[in-house]
Novice: 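Here's a structure for you.
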Amino acid sequence: RAAEDAASALGDLMAALSERALENADAIMPGFTHLQTAQPVTFGHHLLAYVEMFSRDASRFMDARERMNESPLGSAALAGTPFAIDRVMTADALGFDRPCANSLDGVSSRDFALELLSAAAIAAVHLSRLAEEIVLWTSPQFGFASLTDAFSTGSSIMPQKRNPDAAELVRAKTGRINGSLNSLLSVMKALPLAYAKDLQEDKAATFEAVDALALALSAMTGMVSDLKPNREAMREAAARGFSTATDIADWLVRELNLPFRKAHHVTGAAVKQAEALGVDLSQLPLKEMQKLEPGITEAVYKVLTAEASCRSRQSYGGTAPEQVRARIADWRAGPQSDRIS
């Protein structure tokens, strides 16, 4: 039931992310590697990355459920029972898929709890990553988004602040959930068959992790629905840091048939020249570009906007607004196994 509840809560979170992604399928933001501006992406595309993560989390919970749904009834102390019980019938009556096939394993295994905790820990890590991004996005230094008072609080002495407390608490819950997994792994690591009193320690770790994950999922779903992106700030940030440099290199390969290593070199030189002149790549004079590669024409400027960069990424799973909308339609249409036509 806990696995099913977690998968259901993850479904609610994915629905909220998909809805917000659809609203912002064409909202431009900087994509990052090493937390440095890399290439422009759409906010919708960024949110769908988390849909992919949480989809895998949901599938892990349901996959674990299939293995864990075995009845230990009839294993007795460790050796089975001399009474003529029908273990298949009792398993079915209790809602299990089947009886466990070995009585020693039935009384001493805690794989069902370990798998649940493992799925919970991975999901919590994904929640923590999104929580950290919300903390960053809502800071004045980024200014990419804001939360209402429903999911943020003021400072006790600084009234101007709006602290993303809910995101910070979700981030912190990850430590508790990961700790539960490590705790039970440590309990199990050196236990001979069959039962030992050590196994009673499985309860607190499992129950605490399940409760913490449920709370974190509920809070994150609410935050995603509450989050208000600042399109202007994201677009402005995407235009900085020479984020369309790769588009010059791609253009040189497509239009001039340059090997990519040479296109990469020319682009790097163009970035250095733009830095020296204190301008963006889209403002670098054509004559300066032609000093680096004589074949460059005015047409190169058509790819030097963040919007053009995003629109060009039309590959399956790319950041183009059309691709974002198509992937959302796939999610809404059916199971992920049917997404690729």
Novice: Below 3.5 Å, can you tabulate the donor-acceptor pairs from side chains in residues 4-17 to any protein atom, sequence neighbours excluded?
Specialist:
{"unit_1": "Glu4", "atom_1": "OE2", "unit_2": "Arg65", "atom_2": "NE", "d": "2.5"}
{"unit_1": "Glu4", "atom_1": "OE2", "unit_2": "Arg65", "atom_2": "NH2", "d": "3.2"}

Novice: So, Glu232 and Arg235, do they make that salt bridge, N to O below 4.0 Å?
Specialist: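 Not counted as a salt bridge, because no side-chain N and carboxylate O are separated by less than 4.0 Å.
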Novice: Counting N and O atoms only, with roles assigned by atom type, does the side chain of Ser118 sit under 3.5 Å from a partner on the main chain of Leu114, one being a donor and the other an acceptor?
Specialist: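 Between the backbone of Leu114 and the side chain of Ser118 there is no qualifying donor-acceptor contact (under 3.5 Å).
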Novice: Do Leu286 and Tyr301 touch side chain to side chain, with heavy atoms closer than 4.5 Å?
Specialist: yes
Novice: If you apply the rule side-chain contact (heavy atoms from CB on, under 4.5 Å), what do you find for Lys262 with Phe260, and how did you get there?
Specialist: CA-CA 5 Å; Lys262 183 176 180 181; Phe260 187 81; over 6 Å; no
Novice: Within the 3.5 Å criterion, strictly below it, is a donor on Gln323 or His45 matched to an acceptor on the partner's side chain?
Specialist: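 No, no side-chain donor-acceptor contact under 3.5 Å.
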Novice: Count the heavy atoms of every other residue, nucleotide or ligand shown that sit under 6.0 Å from NZ of Lys203, and state whether that count exceeds 12.
Specialist: yes
Novice: Quick check for you: to the nearest 0.5 Å, what is the distance between Leu193 atom CG and Leu104 atom CG?
Specialist: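 Leu193 atom CG to Leu104 atom CG measures 5.5 Å (nearest 0.5 Å).
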Novice: If we ignore hydrogens and angles and just use 3.5 Å, is the side chain of Gln283 paired with the main-chain N or O of Asp280 as donor and acceptor?
Specialist: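 A pair under 3.5 Å: yes.
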Novice: Just by distance, do the side chain of Arg162 and the backbone of Leu147 share a donor-acceptor pair under 3.5 Å?
Specialist: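 Side chain of Arg162 to backbone of Leu147, a donor-acceptor pair under 3.5 Å: yes, one is there.
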Novice: Check whether Met29 and Phe142 end up in the same hydrophobic cluster, where Ile, Leu, Val, Met, Phe, Trp and Tyr are linked by side-chain heavy atoms less than 4.5 Å apart.
Specialist: yes
Novice: Under the criterion side-chain contact (heavy atoms from CB on, under 4.5 Å), which of Asp250, Thr244, Leu252, Asp247 is the partner of Thr267?
Specialist: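 Result for side-chain contact (heavy atoms from CB on, under 4.5 Å) with Thr267: Leu252.
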Novice: Restricting to salt bridge (charged side-chain N to carboxylate O under 4.0 Å, His left out), what partner residues turn up for Asp226, sequence neighbours left out?
Specialist: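 By the salt bridge (charged side-chain N to carboxylate O under 4.0 Å, His left out) rule, Asp226 matches no residue at all.
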Novice: Which pair of non-hydrogen atoms, one from Val324 and one from Ala25, has the smallest distance, and what is that distance?
Specialist: CG1-CB, 3.9 Å
Novice: Between the main-chain N or O of Ala124 and the side-chain N or O of Thr174, is there a donor-acceptor pair closer than 3.5 Å?
Specialist: yes
Novice: Let me see the working for Arg129 and Glu133 under salt bridge (charged side-chain N to carboxylate O under 4.0 Å, His left out), right down to the final yes or no.
Specialist: CA-CA 6 Å; Arg129 296 183 73 179; Glu133 298 220 89; over 6 Å; no
Novice: To the nearest 0.5 Å, what is the distance between CZ (Phe144) and CZ (Arg231)?
Specialist: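 One finds 14.0 Å between CZ of Phe144 and CZ of Arg231.
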Novice: Which atom names give the shortest non-hydrogen contact between Leu117 and Ala205, and what distance separates them?
Specialist: CD2-O, 4.0 Å
Novice: Checking the side chain of Arg87 only, and the main-chain atoms of Cys100 only, is there a donor and an acceptor separated by less than 3.5 Å?
Specialist: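 Present.
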Novice: CD of Gln273 to CD of Glu275: how many Å apart, nearest 0.5 Å?
Specialist: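 CD of Glu275 is found 10.5 Å from CD of Gln273.
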Novice: Does some side-chain heavy atom of Arg67 sit less than 4.5 Å from a side-chain heavy atom of Asp111?
Specialist: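 No - every pair of side-chain heavy atoms lies 4.5 Å or more apart.
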Novice: Which heavy-atom pair separates Pro30 from Ala238 by the least distance, and what is that distance?
Specialist: N-CB, 3.6 Å
Novice: If every non-hydrogen atom of Ala76 is compared with every non-hydrogen atom of Val107, which pair is closest and at what distance?
Specialist: O-CG1, 3.3 Å
Novice: Are any side-chain N or O atoms of Asn102 and backbone N or O atoms of Asp105, one a donor and one an acceptor, separated by less than 3.5 Å?
Specialist: yes
Novice: Do the side chain of Ser109 and the main chain of Gly106 share a donor and acceptor less than 3.5 angstrom apart?
Specialist: no
Novice: Name the orientation class of the two ring planes belonging to Phe54 and His126 (parallel below 30°, tilted from 30 to 60°, perpendicular beyond 60°).
Specialist: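 Perpendicular.
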Novice: Keeping the roles fixed (side chain from Ser103, backbone from Leu78), state whether a donor-acceptor pair exists under 3.5 Å.
Specialist: yes
Novice: Does the pair Arg110 and Leu199 meet the rule for a side-chain contact (heavy atoms from CB on, under 4.5 Å), with working shown?
Specialist: CA-CA 8 Å; Arg110 291 300 181 271; Leu199 291 172; 3.7 Å; yes
Novice: Can you tell me if Thr42 and Thr319 form a side-chain donor-acceptor pair at under 3.5 Å?
Specialist: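 Distance-only check passes for Thr42 and Thr319.
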Novice: Can you confirm if the aromatic rings of Trp137 and Phe43 lie within a centre distance of less than 6.0 Å?
Specialist: yes
Novice: At their closest point, which heavy atom of Ala123 faces which heavy atom of Asp57, and how far apart are they?
Specialist: CA-OD2, 3.4 Å
Novice: Mind checking whether Met234 and Pro229 have side chains closer than 4.5 Å, heavy atoms only?
Specialist: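 With C-beta onward as the side chain, the pair touches.
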Novice: Show me the pairs that pass side-chain hydrogen bond (donor to acceptor under 3.5 Å, both in side chains) and involve residues 204-213, at least two apart or across chains.
Specialist: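 Counting only pairs at least two positions apart or across chains, the side-chain hydrogen bond (donor to acceptor under 3.5 Å, both in side chains) contacts touching residues 204-213 are Arg176-Glu208.
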Novice: Does any non-hydrogen side-chain atom of Thr90 lie less than 4.5 Å from one of Asp86?
Specialist: no
Novice: Taking the side chain as every heavy atom from C-beta outward, state whether Lys272 and Phe242 have any pair of such atoms under 4.5 Å apart.
Specialist: no
Novice: Rounded to the nearest 0.5 Å, what's the gap from CD on Glu307 to CD1 on Ile28? Could you check?
Specialist: 5.0 Å
Novice: Give the C-alpha distance, both sets of side-chain angles, the deciding distance and a yes or no for salt bridge (charged side-chain N to carboxylate O under 4.0 Å, His left out) between Glu19 and Arg332.
Specialist: CA-CA 10 Å; Glu19 185 65 32; Arg332 292 179 172 180; 2.9 Å; yes
Novice: Which value, rounded to the nearest 0.5 Å, describes the distance between Ser71 atom OG and Met89 atom CE?
Specialist: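 Those atoms lie 11.0 Å apart.
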Novice: Quick check: do Arg56 and Met53 have side-chain heavy atoms less than 4.5 Å from each other?
Specialist: yes
Novice: Quick one: NZ on Lys287 to CD on Gln290, what's the gap to the nearest 0.5 Å?
Specialist: 10.5 Å
Novice: If hydrophobic clusters are built from ILVMFWY residues whose side chains come within less than 4.5 Å, do Ile177 and Leu127 share one?
Specialist: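 Yes, Ile177 connects to Leu127 through the hydrophobic network.
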Novice: Linking I/L/V/M/F/W/Y whenever any side-chain heavy atoms sit under 4.5 Å apart, do Ile122 and Leu116 land together?
Specialist: no
Novice: Could you tell me whether a side-chain N or O of Arg20 sits under 3.5 Å from a main-chain N or O of Val224, the two making a donor and an acceptor?
Specialist: yes
Novice: Given side chains that start at C-beta, do those of Asp26 and Arg325 come closer than 4.5 Å, heavy atoms only?
Specialist: yes
Novice: If hydrophobic clusters are built from ILVMFWY residues whose side chains come within less than 4.5 Å, do Val170 and Leu136 share one?
Specialist: yes
Novice: As a quick check of understanding, evaluate salt bridge (charged side-chain N to carboxylate O under 4.0 Å, His left out) for Asp63 and Arg60, giving each step before the final call.
Specialist: CA-CA 5 Å; Asp63 186 48; Arg60 271 186 280 268; over 6 Å; no
Novice: Could you go through Gln39 and Ser243, starting from their C-alpha distance and side-chain angles, then the distance that decides it, and tell me whether this counts as side-chain contact (heavy atoms from CB on, under 4.5 Å)?
Specialist: CA-CA 5 Å; Gln39 292 177 293; Ser243 65; 5.6 Å; no
Novice: Could you go through the side-chain contact (heavy atoms from CB on, under 4.5 Å) check for Thr297 and Glu255 one step at a time?
Specialist: CA-CA 10 Å; Thr297 68; Glu255 303 300 326; over 6 Å; no
Novice: Report whether Ile248 and Val271 are members of the same hydrophobic cluster (ILVMFWY, side-chain heavy atoms less than 4.5 Å apart, transitive linking).
Specialist: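 As far as the 4.5 Å side-chain criterion goes, Val271 and Ile248 are connected within one cluster.
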Novice: State whether the side chain of Ser218 and the backbone N or O of Ala214 hold a donor-acceptor pair below 3.5 Å, judged by distance alone.
Specialist: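 No; zero donor-acceptor contacts below 3.5 Å.
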Novice: Which heavy atom of Ala233 sits nearest a heavy atom of Gly143, and at what distance?
Specialist: CB-O, 3.3 Å
Novice: Do the side chains of Val125 and Asn178 get nearer than 4.5 Å, heavy atoms only?
Specialist: yes
Novice: Verify whether one side chain among Asn163 and Thr153 offers a donor that lies under 3.5 Å from an acceptor in the other.
Specialist: no
